[in-house]
Asks: 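After the structure tokens below, expect a handful of questions from me.
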Amino acid sequence: MSTSAASHLSPAYPDRAPWGTAGRLRAWQQAALKSYLEGAPRDFLAVATPGAGKTTFALRVATELLDRHIVQQVTVVAPTEHLKHQWAQAAKKVGIGIDPTYSGASGGTSRDYTGIAVTYAGVAAHPMLHRRRVENRRTLVILDEVHHAGDALSWGEAVSEAFEPAARRLALTGTPFRSDTAPIPFVTYAPDAEGARRSVADYTYGYGAALADGVVRPVIFLSYAGQMRWRTKAGDEVAASLGEPMTQDAIAQAWRTALDPEGNWMPAVLRAADRRLEEVRRAVPDAGGLVIATDHNTARAYAKMLREITGRSAIVVLSDDPKASTRIAKFSESEDKWMVAVRMVSEGVDVPRLAVGVYATSISTPLFFAQAVGRFVRARRRGETASVFLPSVPSLVQFAGELELERDHVLDRKKRGEDDLWSEEEDLLADANATKDEAPFEEFTFKALESEATFDRVLFDGGEFGVAAQVGSAEEADFLGIPGLLEPEHVRTLLQKRQARQLSRQRQGAGHGDGAAAVTAEQRPVVSHQQLLELRRELNTLVGAWHHQTGQPHGVIHADLRRSCGGPPTAQATAAELRSRIDTVRRWAVERG
């Protein structure tokens with residue numbers, strides 16, 4: 001092994017480095033290495049956005065410590081089996097032999113190796129075995145995506161027990177820390193201005209800095225709303241518009257309805273995503289797409305939809321498939337268009353050519369969202385962009401708008417409110433830890449009845465662009481047709497131009513060949529998204545009140561209002577149309593009284 005070899009490892013390994021960065025350490029890697037070597041700390045935490053090159057930085061540290069005889073061996077702890085082998089391949093390129101097949105059952109490894117790669121689960125199974133290894137020889141322990149040490153209480157305890165005697169520990173992470181309040185092993189915490197203990201990184205390289213350096217791609221989020229109808233577990237039939245103000249429970253059910261393969265929402269969004277991918281492939285011929293599904297059944301259903309849309313089969317990767325890593329590698333090296341994956345978007349699923357994503361899962365934790373988006377940000381050449389299609393769900397829209405926000409692990413979090421970003425993850429953790437003896441009896445089960453998609457808006461760099469439009473319209477096509485190669489500073493300019501053109505069309509009542517007549521000034525769309533939200537909220541409140549008075553389902557009431565007042569579904573209605581429906585419901589109430 002040699003520091004010279006490490007210096008010539010691609011700074012983006014295992015990916016290809018973007019134009020202008022190959023053959024040398026990136027500025028952040030050099031700065032972080034300088035900080036590490038000058039401080040000579042026993043523990044060091046590096047937080048760097050996905051695609052920045054954490055592997056290269058860590059291996060350069062390893063070669064320096066081995067060459068200076070500060071350590072004698074290396075232990076890499078990774079979240080997945082796939083990542084173990086990826087680390088071994090990278091280490092081989094710099095002359096460090098890493099055994100990715102080491103297990104507690106074997107107890108030892110060949111003397112040809114300088115170290116081993118294990119998973120967090122493997123450490124938890126044999127903590128004392130790993131403790132003896134680091135006690136016997138001075139060891140550098142690389143804790144890759146260290147937040148996984150908190151995936152289970154036993155994992156954190158095992159990591160602490162196994163590596164407490166290690167000579168050096170280098171912790172790496174590229175996504176927001178966990179929402180629970182259990183300390184992550186070997187991470188330093190310090191009180192903030194409010195007295196809450198927060199994780200302290202020794203070096204941070206966030207998405208914003210990486211975007212400015214051309215290390216990662218700009219991400220364009222395309223949000224889709226639409227009309228949903230479902231039957232609740234209580235047997236009530238409910239209709240609502242995805243993207244409009246609702247209770248958390250109603251949002252979850254509308255979201256679930258949108259993702260149902262039997263509805264029309266997912267086929268419409270997949271068709272739009274494929275049109276976007278086709279546009280990107282004009283400039284980037286091998287660009288690929290990834291659909292992130294919730295479970296195996298929906299993944300297979302989405303793959304079937306994609307085959308019908310594209311005429312080509314989509315690769316399906318399931319979490320319990322022993323050949324999952326092989327399938328991912330095969331897709332990465334091919335020019336196939338689409339892959340559908342379940343629970344395979346966390347660290348290590350590195351397919352650099354992924355440029356278009358569809359977030360078709362109901363998971364809404366900041367950690368998972370960041371991991372998912374991280375699959376698309378890896379840049380290979382100047383000007384590449386990433387496009388991610390989202391349901392118009394408040395939490396996802398917020399995460400998309402805060403992509404550059406750096407989050408620390410907070411141990412002393414205040415009591416959460418209803419809109420706490422972390423609440424779902426905490427509920428998932430509590431549910432996972434709960435003992436379930438028998439499923440509760442329910443007279444009815446939730447059932448998605450129907451769904452229709454509408455284009456909602458585009459989110460980029462904290463801004464919103466576009467107004468509601470029909471799927472397949474010229475307005476939607478404007479945003480789907482954005483070039484696949486654009487510098488970040490040009491993306492916002494182009495989005496602003498597309499939005500201005502869209503508003504101009506609607507003001508002039510240009511039907512684009514569909515025969516629509518010009519509208520009056522009063523009927524022109526309200527530019528302020530907040531004004532429309534307030535009108536929709538008022539209408540939904542009145543519809544809910546009328547439902548309680550008459551017992552009619554929400555969907556029936558909305559349909560009656562459309563028949564009485566005219567116009568499209570609520571999500572696409574103008575301010576004038578919404579006010580007309582509000583006045584009509586009020587008139588009904590007066591007449592009934």
Side-chain angles (χ1 to χ4, degrees), residues 10-23 50-51 53 86 210-211 214-222 269-292 302-317 325-341 344-345 349-360 372-389 458 460 472 476-491 494-495 498:
S10 163
Y13 191 87
D15 305 335
R16 291 181 300 225
W19 177 87
T21 64
Q86 188 168 286
L211 183 61
V215 169
V216 295
R217 298 167 176 162
V219 183
I220 303 168
F221 293 97
L222 298 100
V269 172
L270 289 178
R271 280 192 293 270
D274 187 64
R275 288 198 295 273
R276 177 69 189 136
L277 181 58
E278 283 294 325
E279 179 61 40
V280 173
R281 286 169 74 100
R282 292 176 186 271
V284 187
D286 70 337
L290 170 66
V291 180
I292 302 165
Y302 297 161
K304 183 179 178 181
M305 290 179 198
L306 286 168
R307 180 174 179 81
E308 294 172 352
I309 292 168
T310 67
R312 299 165 63 176
S313 298
I315 303 297
V316 179
V317 180
S325 293
T326 302
R327 290 177 180 273
I328 293 170
K330 182 179 178 180
F331 179 81
S332 181
E333 296 170 1
S334 73
E335 293 191 1
D336 292 340
K337 290 183 70 176
W338 284 100
M339 177 168 68
V340 184
M344 294 298 292
V345 300
V349 182
D350 295 316
V351 183
R353 67 187 189 87
L354 286 178
V356 176
V358 180
Y359 194 92
V373 174
R375 301 316 98 199
F376 305 96
V377 301
R378 288 160 165 75
R380 298 179 300 170
R381 57 185 290 194
R382 291 287 293 270
E384 285 186 335
T385 60
S387 302
V388 178
F389 288 71
V458 171
F460 177 74
E476 180 200 34
D478 268 353
F479 293 104
L480 296 180
I482 292 172
L485 284 178
L486 280 177
E487 294 293 339
E489 62 269 21
H490 298 149
V491 175
L494 186 55
L495 289 173
R498 296 291 166 94

Asks: Do Tyr302 and Val358 come close enough that some side-chain heavy atom pair is under 4.5 Å?
Replies: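 The answer is no; the side chains never approach within 4.5 Å.
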
Asks: Under 3.5 Å, is there a donor-acceptor pair between the side chain of Ser334 and the main chain of Phe331?
Replies: yes

Asks: Indicate the atoms forming the closest heavy-atom contact of Pro218 with Val491, along with that distance.
Replies: CG-CG2, 4.4 Å

Asks: Answer yes or no: is there a side-chain heavy-atom contact under 4.5 Å between Ile482 and Leu494?
Replies: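 In contact.
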
Asks: Just to verify, what does Arg281 make a side-chain hydrogen bond (donor to acceptor under 3.5 Å, both in side chains) with, not counting sequence neighbours?
Replies: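 Testing Arg281 for side-chain hydrogen bond (donor to acceptor under 3.5 Å, both in side chains), a comparison that skips the adjacent residues, returns none.
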
Asks: How close do Leu277 and Gly289 get, heavy atom to heavy atom, and via which atoms?
Replies: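 Looking at all heavy atoms of both residues, the shortest contact is CD2-N, 4.0 Å.
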
Asks: Any side-chain donor-acceptor pair under 3.5 Å between Arg217 and Ser387?
Replies: no

Asks: Apply salt bridge (Lys or Arg N to Asp or Glu O under 4.0 Å) to residues Arg282 and Glu279 and explain how you reach the verdict.
Replies: CA-CA 5 Å; Arg282 292 176 186 271; Glu279 179 61 40; 3.1 Å; yes

Asks: Looking at every non-hydrogen atom in both residues, tell me the closest pair between Val291 and Ala360 and how far apart they are.
Replies: CG1-CB, 4.0 Å

Asks: Kindly give the heavy-atom pair with the smallest separation between Val280 and Ala287, and that separation in Å.
Replies: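 So the two residues come closest at CG1-CB, 3.8 Å.
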
Asks: When you look at Asp286 and Arg380, which way does the side chain to side chain contact (heavy atoms under 4.5 Å, CB included) test go after all the steps?
Replies: CA-CA 12 Å; Asp286 70 337; Arg380 298 179 300 170; 2.9 Å; yes

Asks: Does Ser332 use its side chain to pair, donor to acceptor, with the backbone of Ile328 at less than 3.5 Å?
Replies: no

Asks: Apply salt bridge (Lys or Arg N to Asp or Glu O under 4.0 Å) to the pair Arg353 and Asp336, showing each step before the final yes or no.
Replies: CA-CA 10 Å; Arg353 67 187 189 87; Asp336 292 340; 5.5 Å; no

Asks: Quick check: do Val284 and Glu384 have side-chain heavy atoms less than 4.5 Å from each other?
Replies: yes

Asks: Backbone N or O of Gly374 within a donor-acceptor pair of the Arg378 side chain at under 3.5 Å?
Replies: yes

Asks: With a 4.5 Å cut-off on side-chain heavy atoms, are Leu485 and Thr385 touching?
Replies: no

Asks: Heavy atoms only: give me the nearest Val356-Ala273 pair and the separation to one decimal.
Replies: CG1-O, 3.8 Å

Asks: Test Val377 against Val219 for side chain to side chain contact (heavy atoms under 4.5 Å, CB included), laying out the working first.
Replies: CA-CA 7 Å; Val377 301; Val219 183; 3.6 Å; yes

Asks: Taking the six-membered ring of Phe479 as reference, does the NZ or CZ atom of Arg276 fall below 6.0 Å from its centre and within a 45° cone about the axis?
Replies: no

Asks: Rounded to the nearest 0.5 Å, how far apart are OG1 of Thr310 and CZ of Arg271?
Replies: 12.5 Å

Asks: Is the closest side-chain heavy-atom distance between Val317 and Met339 below 4.5 Å?
Replies: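 When only atoms from C-beta onward are counted, Met339 and Val317 do touch, with a gap below 4.5 Å.
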
Asks: Any donor-acceptor pair under 3.5 Å linking the side chain of Glu476 with the backbone of Gly472?
Replies: yes

Asks: Is there a side-chain contact between Phe389 and Leu480 in this structure, where contact means two heavy atoms from C-beta onward sitting under 4.5 Å apart?
Replies: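 Yes, side chains in contact.
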
Asks: Flag the pair Leu290 / Phe376 as yes when at least one side-chain heavy-atom distance between them is below 4.5 Å, and no otherwise.
Replies: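 The answer is yes, as the side chains (C-beta and beyond) meet within the 4.5 Å cut-off.
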
Asks: Under 4.5 Å between any side-chain heavy atoms of Val373 and Phe221, yes or no?
Replies: yes

Asks: Pick from Lys304, Arg307, Lys337: which one makes a side-chain hydrogen bond (donor to acceptor under 3.5 Å, both in side chains) with Ser313?
Replies: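 Result for side-chain hydrogen bond (donor to acceptor under 3.5 Å, both in side chains) with Ser313: Arg307.
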
